[in-house]
Every structure is written in structure tokens, then in C-alpha cells.
Chemist: 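Let me give you the structure first, and then I'll get to my questions.
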Amino acid sequence: MNSKNNQLLLAGLLVVVAMGTRVLFNALHIYNFSAVMAVALFSGAYLGSKRLGFLIPLVAMLASDLIIGVYDWKLMAIVDGAFVVAIALGMFYAKKPSLLRWISVLLGSSTMFFIVTNFAVWIFGDGSFYPYTFSGLVDCYTMGLPFYRDRLIGDIAWSAALFGSYELLKLRAPKPAMVP
């Protein structure tokens with residue numbers, strides 16, 4: 001994307017989609033089935049302005065947290081950090097786009113999010129729900145599996161919609177005429 005106005009319009013639309021899906025699916029008690037990860041990957045891959053690309057999922061998370069409810073600042077920082085890693089993975093994808101790379105980046109970001117955020121829940125908890133033992137850590141990951149399932153399904157669906165739509169639009173866009 002070249003035009004600054006087009007980038008700002010796309011950025012605003014991505015924030016609304018990420019935020020809206022997060023608020024909607026949380027209200028339906030289908031946690032993590034949001035477009036936030038897909039938006040992070042897409043922003044890293046396709047937005048010309050890297051600074052803007054990094055802001056999009058973070059603004060969407062902050063705005064939706066203000067609606068859904070804020071929680072422990074340490075966990076919020078870890079969650080946001082995981083989305084920053086996803087943006088970087090989107091940039092990695094963009095260097096040599098392919099279906100295999102997209103699948104790898106998508107599965108890697110979803111799995112990284114699950115591993116990092118569940119570890120943070122265990123380590124930053126008070127030890128009463130998940131004791132600071134190996135068994136407590138295993139319990140934390142086990143209890144997180146339904147959230148991982150929803151994250152993975154949502155990430156696949158939303159990423160396919162975003163990346164697929166973008167690729168289809170690129171195919172339909174008029175090609176510049178060759179000048180002899």
C-alpha cells in the first residue's frame with residue numbers, strides 16, 4: 001500500500017475489526033476467537049508503515065480491554081508483547097510470501113501465544129490456583145487448551161479472510177501499462 005490515506009483507512013478498519021471481534025466473541029463467551037492475531041500478522045506483512053503496523057493490534061487490544069475490562073498489568077503486557085512478536089512474524093512472511101510460510105507463521109504465532117501467555121498466567125498467579133510446581137504448570141496449560149483451540153480456529157479463519165481477501169484484491173487490481 002502506497003498512499004498514506006489508504007494506509008490510515010486500512011489501519012482504522014483493522015483496529016475496528018480486531019476490537020469488534022474481540023468484544024463480540026468475549027460477550028458470547030468464545031474467548032480468543034477474535035481477529036486480533038490475524039490483524040497483527042496482516043499488519044506486519046502488508047502495511048507499508050511499520051510503526052503504524054505495530055500500533056494497530058496494540059490500539060485494538062487497549063480499546064477492547066477498556067470495554068471488556070482491564071486485568072493484571074503484567075499479564076496484559078505479556079499478551080501485548082505476544083502480539084508484537086506476531087507482527088514481526090508477519091514481516092517475516094512478507095519477505096517471501098508462500099502458502100507454506102503463511103501456514104508456518106500462522107501456526108507458530110498461535111502456538112507461541114498459547115505457550116507464552118499460559119506460562120505468564122502460571123508465573124504471575126498467586127500460586128493458589130496453579131501452584132508453583134511442575135504439576136501446577138501442566139494444569140495451567142491443560143486448562144488453557146480450550147482457549148488455544150478457539151485461538152487456533154479463530155486465527156486460521158480470520159487470517160484466511162484477511163490474507164485471502166487481500167490477495168484476491170491484488171489479482172483484481174488493474175496492472176499498470178508497460179511503457180516501451
Chemist: Calculate, to the nearest 0.5 Å, the distance between atoms CG and CD1 belonging to Asp150 and Ile30 respectively.
Modeler: 7.0 Å
Chemist: Calculate, to the nearest 0.5 Å, the distance between atoms CG and CG belonging to Asn32 and Leu152 respectively.
Modeler: 11.0 Å
Chemist: In terms of heavy-atom contacts, does CZ of Phe147 have more than 12 from other residues, nucleotides or ligands at under 6.0 Å?
Modeler: no
Chemist: I need the minimum non-hydrogen distance between Ile87 and Pro57, along with the two atoms involved.
Modeler: CD1-CG, 3.4 Å
Chemist: Test of understanding: clusters of I, L, V, M, F, W, Y form through side-chain heavy atoms closer than 4.5 Å, transitively. Do Leu8 and Leu13 belong to the same one?
Modeler: no
Chemist: Checking Phe119 against Cys140 for the side chain to side chain contact (heavy atoms under 4.5 Å, CB included) test, could you report, in this order, the C-alpha distance in whole Å, the side-chain angles of both residues, the deciding distance, and whether it holds?
Modeler: CA-CA 8 Å; Phe119 184 79; Cys140 184; over 6 Å; no
Chemist: Does the side chain of Phe113 come within less than 4.5 Å of Val85's, by heavy atoms?
Modeler: no
Chemist: Does the plane of the ring in His29 sit parallel, tilted or perpendicular to the ring in Tyr31? Use 30° and 60° as the thresholds.
Modeler: perpendicular
Chemist: Write down the atom of Gly53, the atom of Ser43, and the distance for their closest heavy-atom approach.
Modeler: O-CB, 3.5 Å
Chemist: Just how far is it from atom OG1 of Thr142 to atom OH of Tyr130, taken to the nearest 0.5 Å?
Modeler: 8.5 Å
Chemist: Determine whether a donor-acceptor pair (N or O, by modelled atom type, separation under 3.5 Å) exists between the side chain of Tyr141 and the backbone of Ile115.
Modeler: yes
Chemist: Quick one: do the Tyr148 and Thr111 side chains pair a donor with an acceptor below 3.5 Å?
Modeler: yes
Chemist: With side chain to side chain contact (heavy atoms under 4.5 Å, CB included) as the criterion, how do Ile123 and Leu137 come out once you've worked through the C-alpha distance, each side chain's angles and the decisive distance to 0.1 Å?
Modeler: CA-CA 9 Å; Ile123 202 75; Leu137 180 60; over 6 Å; no
Chemist: Thr117 and Val79: which non-hydrogen atoms are nearest, and at how many Å?
Modeler: CG2-CG2, 3.9 Å
Chemist: Atom CG of Leu9 and atom NZ of Lys4: how far apart are they, to the nearest 0.5 Å?
Modeler: 14.5 Å
Chemist: Transitively linked via ILVMFWY side-chain contacts under 4.5 Å: Ile67 with Val15?
Modeler: no
Chemist: With sequence neighbours excluded, what pairs up with Lys50 under the side-chain contact (heavy atoms from CB on, under 4.5 Å) test?
Modeler: Met91
Chemist: Is the CZ atom of Phe129 crowded by more than 12 outside heavy atoms at less than 6.0 Å?
Modeler: no
Chemist: Quick check: do Val36 and Trp158 have side-chain heavy atoms less than 4.5 Å from each other?
Modeler: no
Chemist: Kindly say whether Ala18 contributes a backbone atom to a donor-acceptor pair with the side chain of Thr21 at under 3.5 angstrom?
Modeler: yes
Chemist: Determine whether the aromatic ring centres of residues Tyr93 and Phe163 are separated by less than 6.0 angstrom.
Modeler: yes
Chemist: Decide yes or no for Met19 and Met61: does some side-chain heavy atom of the first lie under 4.5 Å from some side-chain heavy atom of the second?
Modeler: no
Chemist: Regarding Arg22 and Ser34, is there a side-chain donor-to-acceptor distance under 3.5 Å anywhere?
Modeler: no
Chemist: Could you tell me the separation between the OG atom of Ser64 and the CD1 atom of Ile68, rounded to the nearest 0.5 Å?
Modeler: 5.0 Å
Chemist: Would you say Leu41 and Ser109 make side-chain contact, with heavy atoms under 4.5 Å?
Modeler: yes
Chemist: Is any side-chain heavy atom of Leu58 closer than 4.5 Å to one of Leu62?
Modeler: no
Chemist: Which ILVMFWY residues are connected to Leu100, directly or by a chain of links, through side-chain heavy atoms under 4.5 Å apart?
Modeler: none
Chemist: Testing the 3.5 Å rule here: is there a donor-acceptor pair between the side chains of Gln7 and Tyr46?
Modeler: no
Chemist: Does Arg151 make a cation-pi contact with Phe33 (under 6.0 Å, within 45 degrees of the axis)?
Modeler: no
Chemist: Looking at Leu162, is its backbone amide N or carbonyl O close enough to the side chain of Ser165 to form a donor-acceptor pair, meaning the two atoms are under 3.5 Å apart?
Modeler: no
Chemist: How long is the straight-line distance from CG of Leu89 back to CE of Met37, given to the nearest 0.5 Å?
Modeler: 8.5 Å
Chemist: So do the side chains of Leu10 and Leu14 get within less than 4.5 Å of each other, counting heavy atoms only?
Modeler: yes
Chemist: State yes or no: do Leu75 and Met112 share one hydrophobic cluster built from I, L, V, M, F, W and Y residues joined by side-chain heavy-atom distances below 4.5 Å, directly or via other members?
Modeler: yes
Chemist: If two hydrophobic side chains count as joined below 4.5 Å and joins carry through other members, does Ile153 share a cluster with Ile156?
Modeler: no
Chemist: Above 12 or not: heavy atoms from other molecules or residues under 6.0 Å from CZ of Phe134?
Modeler: no
Chemist: Tell me whether Tyr71 is reachable from Leu66 by hopping between hydrophobic residues (I, L, V, M, F, W, Y) whose side-chain heavy atoms are closer than 4.5 Å.
Modeler: yes
Chemist: Between Phe42 and Tyr166, how do the two ring planes meet: parallel, tilted or perpendicular, split at 30° and 60°?
Modeler: perpendicular
